[in-house]
Chemist: 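Below is the structure I would like to discuss, written out as structure tokens.
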Amino acid sequence: MDRSAWRIAVLFAGAALGGSYFSGNEWLRFFAYFGSWGTIGLAAASIGLGWIGCRVLVSCHRQGVRTLHDLLLHWFGPTFAPTFSVLIHLSLLAYAGATAGMQAMQHMAGAWSWLFVLAPLLLAVVVVSQGWTTILRGTAASLAAGLLMLGFVFAEQRHVPIPSLGYQFNALWLIQAVLYLSLHLLVCLVVVLPLATRAPRQSTIRAGVLAGTLFFFFASLLGQAILLAHWHDVHSAALPLAHILASLMPFADLLHLLLALGHAGLILGALVYAMAVPVAVRHDLHMGPLLLAMLAGAGLFALLPLVSVTAANLAASSATYCGLLLLGRLLWKGRKPRPKPPA
């Protein structure tokens with residue numbers, strides 16, 4: 001693959017894994033709770049992310065759609081696109097900010113937890129001030145560190161149980177897989193679209209999305225196996241991977257804290273930068289004040305878990321419902337038209 005494909009692959013994998021990559025909380029909630037059906041849901045979500053993401057990004061490259069706003073104009077028309085664009089921007093700021101804030105609070109509960117909430121925000125300020133090059137390098141290093149951590153933990157397992165298909169034999173695993181797909185498809189499109197539209201060829205986009213999807217699936221499958229192997233210890237844990245890592249090595253809490261908050265800050269920075277650049281160009285705004293305003297908004301959502309965890313979860317889930325609406329519109333536009341009856 002060429003350099004452009006690798007850049008797309010790194011951002012696609014980072015967006016697909018999300019800001020909670022090192023915590024394992026989303027894997028636990030969306031997949032591991034449902035045993036073997038959750039593994040099937042993980043495979044389905046991976047296929048959906050790769051196929052739909054590739055289809056949309058290649059279509060945008062072909063039609064000259066360069067920003068999320070242009071994509072929404074194409075799908076929803078000029079009447080609804082501006083309102084939906086504002087909702088998506090707010091929901092993604094809420095998701096990234098609340099995710100970072102909840103991880104910081106879960107690591108360090110107490111009167112000084114707000115200081116740890118500021119850590120990913122400060123990292124986001126640093127990376128957005130440097131642009132895409134720093135965001136890409138930081139995300140690549142974070143993904144590699146996470147894969148090494150997962151590989152280390154998996155190598156310590158002597159047995160990974162495979163639950164019977166009779167366990168959780170219901171449709172909830174499918175619903176959760178669709179919700180995960182909706183949320184992270186939205187994040188992937190927002191983050192990757194600025195790079196995909198500048199790709200030299202459509203084959204570059206396909207190669208990058210395929211590589212990013214394979215990394216996501218492999219890392220998530222390792223995470224699923226680890227969580228199933230430690231199910232009785234972590235099924236109710238807020239930070240399941242941190243709990244497992246602490247049982248295997250000393251100083252694991254500090255190491256996990258640095259990795260988790262660092263990755264959350266990188267994903268926050270990537271989202272803010274990807275959303276800010278098109279807005280600044282479209283409305284002829286200065287990037288500096290706009291970036292600071294968007295990071296300040298994310299910071300408010302990051303502090304929300306200190307006030308109410310329920311409110312933070314609701315704020316973070318708003319991006320999932322925006323993604324559901326986007327996914328539904330995509331499927332509706334892609335349906336085959338009914339044949340007209342003969343005259």
Side-chain angles (χ1 to χ4, degrees), residues 1-27 30-31 42 45-46 49-50 53-54 57 95-96 99-100 103 119-120 123-124 126-128 130-155 180 183-196 204-205 207-227 239-242 244-245 252 255-274:
M1 293 193 302
D2 58 19
R3 185 180 179 184
S4 296
W6 280 114
R7 289 158 65 94
I8 291 172
V10 167
L11 283 183
F12 194 90
L17 290 164
S20 60
Y21 174 36
F22 283 91
S23 74
N25 180 268
E26 286 191 348
W27 290 334
F30 287 102
F31 304 117
L42 172 60
S46 302
L49 278 171
C54 183
L57 292 173
Y95 163 73
T99 299
Q103 287 190 81
L123 178 60
V126 172
V127 297
V128 299
Q130 302 298 317
W132 279 122
T133 301
T134 302
I135 292 173
L136 283 161
R137 290 175 178 172
T139 304
S142 182
L143 292 175
L147 192 62
L148 287 174
M149 181 193 75
L150 292 171
F152 167 75
V153 176
F154 182 78
Y180 189 94
L183 169 61
H184 289 275
L185 177 64
L186 176 61
V187 179
C188 287
L189 292 180
V190 171
V191 172
V192 180
L193 187 58
L195 295 183
T204 299
I205 300 174
V209 171
L210 176 61
T213 302
L214 290 175
F215 185 96
F216 161 74
F217 178 67
F218 182 67
S220 300
L221 196 61
L222 279 178
Q224 174 81 345
I226 291 168
L227 294 177
L239 299 170
L241 290 182
I244 297 169
L245 201 61
L255 175 63
H256 188 271
L257 173 66
L258 295 175
L259 292 174
L261 295 187
H263 184 77
L266 287 166
I267 297 301
L268 172 60
L271 268 171
V272 167
Y273 196 77

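In what follows, every heavy atom counts, from backbone to side chain, and hydrogens, waters and symmetry copies are set aside.
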Chemist: Checking F218 now: which residues fulfil side-chain contact (heavy atoms from CB on, under 4.5 Å) with it, not counting sequence neighbours?
Modeler: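 If we apply the side-chain contact (heavy atoms from CB on, under 4.5 Å) test to F218, skipping adjacent residues, the hits are L147, L222.
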Chemist: Give the C-alpha distance, both sets of side-chain angles, the deciding distance and a yes or no for side-chain contact (heavy atoms from CB on, under 4.5 Å) between W6 and L136.
Modeler: CA-CA 10 Å; W6 280 114; L136 283 161; over 6 Å; no
Chemist: Donor-acceptor pair, Q103 side chain versus G19 backbone, under 3.5 Å?
Modeler: yes
Chemist: Check L227 against P240 and note the closest heavy-atom contact, atom names and distance.
Modeler: CD2-CB, 3.6 Å
Chemist: Is there a side-chain contact between L57 and L189 (heavy atoms, below 4.5 Å)?
Modeler: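 Of all side-chain heavy-atom pairs linking L189 with L57, at least one is under 4.5 Å.
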Chemist: Atom SG in C54, atom CG in L49: separation rounded to 0.5 Å?
Modeler: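 Reported to 0.5 Å precision, the distance equals 12.0 Å.
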Chemist: With side chains defined as the heavy atoms from C-beta onward, is the minimum distance between Y95 and L186 less than 4.5 Å?
Modeler: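 No. Closest side-chain heavy atoms not under 4.5 Å.
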Chemist: T139 side chain to I135 main-chain N or O, any donor-acceptor pair under 3.5 Å?
Modeler: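 Yes; at least one donor-acceptor contact below 3.5 Å.
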Chemist: Calculate, to the nearest 0.5 Å, the distance between atoms CD1 and CZ belonging to I226 and F152 respectively.
Modeler: 10.5 Å
Chemist: Taking only residues two or more places apart in sequence, or in another chain, which ones meet S23 in a side-chain hydrogen bond (donor to acceptor under 3.5 Å, both in side chains)?
Modeler: none
Chemist: What are the two closest non-hydrogen atoms of A9 and A211, and how far apart are they?
Modeler: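 Closest pair (atom of A9, atom of A211, distance): CB-CB, 3.8 Å.
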Chemist: Less than 4.5 Å apart, any side-chain heavy atom of L123 and any of L268?
Modeler: no
Chemist: If we only count heavy atoms from C-beta on, is the L42 to F216 side-chain gap below 4.5 Å?
Modeler: yes
Chemist: Show me the pairs that pass side chain to side chain donor-acceptor pair (under 3.5 Å) and involve residues 216-227, at least two apart or across chains.
Modeler: W27-S220, T39-Q224
Chemist: Minimum heavy-atom separation for L143 and A13, please, with both atom names.
Modeler: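 The pair with the smallest heavy-atom distance is CD1-CB, 4.0 Å.
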Chemist: Can you confirm whether L195 sits close enough to L11 that some side-chain heavy atom of one is under 4.5 Å from a side-chain heavy atom of the other?
Modeler: yes
Chemist: Measuring from I205:CD1 to I8:CD1, what's the distance to the nearest 0.5 Å?
Modeler: 5.5 Å
Chemist: Once rounded to the nearest 0.5 Å, what's the spacing between atom OG1 of T133 and atom CZ of R7?
Modeler: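 Going from OG1 on T133 over to CZ on R7, the span is 6.0 Å.
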Chemist: Could you walk me through whether L150 and L241 pass side-chain contact (heavy atoms from CB on, under 4.5 Å), step by step?
Modeler: CA-CA 9 Å; L150 292 171; L241 290 182; 4.0 Å; yes
Chemist: Just jot down the ring pair (Phe, Tyr, Trp, His ring centres under 6.0 Å) partners of Y21, sequence neighbours excluded, or say none.
Modeler: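 Here the qualifying residues are H263.
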Chemist: With side chains defined as the heavy atoms from C-beta onward, is the minimum distance between L239 and N25 less than 4.5 Å?
Modeler: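 Side-chain contact under 4.5 Å: no.
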Chemist: Can you name the closest pair of heavy atoms from S4 and T204 and give their distance?
Modeler: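 Heavy-atom minimum between the residues: CB-CG2, 3.7 Å.
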Chemist: Excluding sequence neighbours, so at least two apart, what forms ring pair (Phe, Tyr, Trp, His ring centres under 6.0 Å) with Y273?
Modeler: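 Y273 satisfies ring pair (Phe, Tyr, Trp, His ring centres under 6.0 Å) with W132 only.
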Chemist: Go through T213 and F12 one step at a time and tell me if the side-chain contact (heavy atoms from CB on, under 4.5 Å) criterion holds.
Modeler: CA-CA 7 Å; T213 302; F12 194 90; 3.4 Å; yes
Chemist: Compare every heavy atom of L266 with every heavy atom of S142, then report the nearest pair and how far apart it is.
Modeler: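 Scanning both residues, the minimum pair turns out to be CB-CD1, 3.8 Å.
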Chemist: What residues form a side-chain contact (heavy atoms from CB on, under 4.5 Å) with A140, not counting sequence neighbours?
Modeler: V10
Chemist: Would you mind reporting whether L255 and M149 have side-chain heavy atoms less than 4.5 Å apart?
Modeler: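 They are not in contact (no side-chain heavy atoms under 4.5 Å apart), so the answer is no.
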Chemist: Where is the tightest heavy-atom contact between A207 and A5, given as atom of each residue plus distance?
Modeler: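 Heavy-atom minimum between the residues: CB-CB, 4.3 Å.
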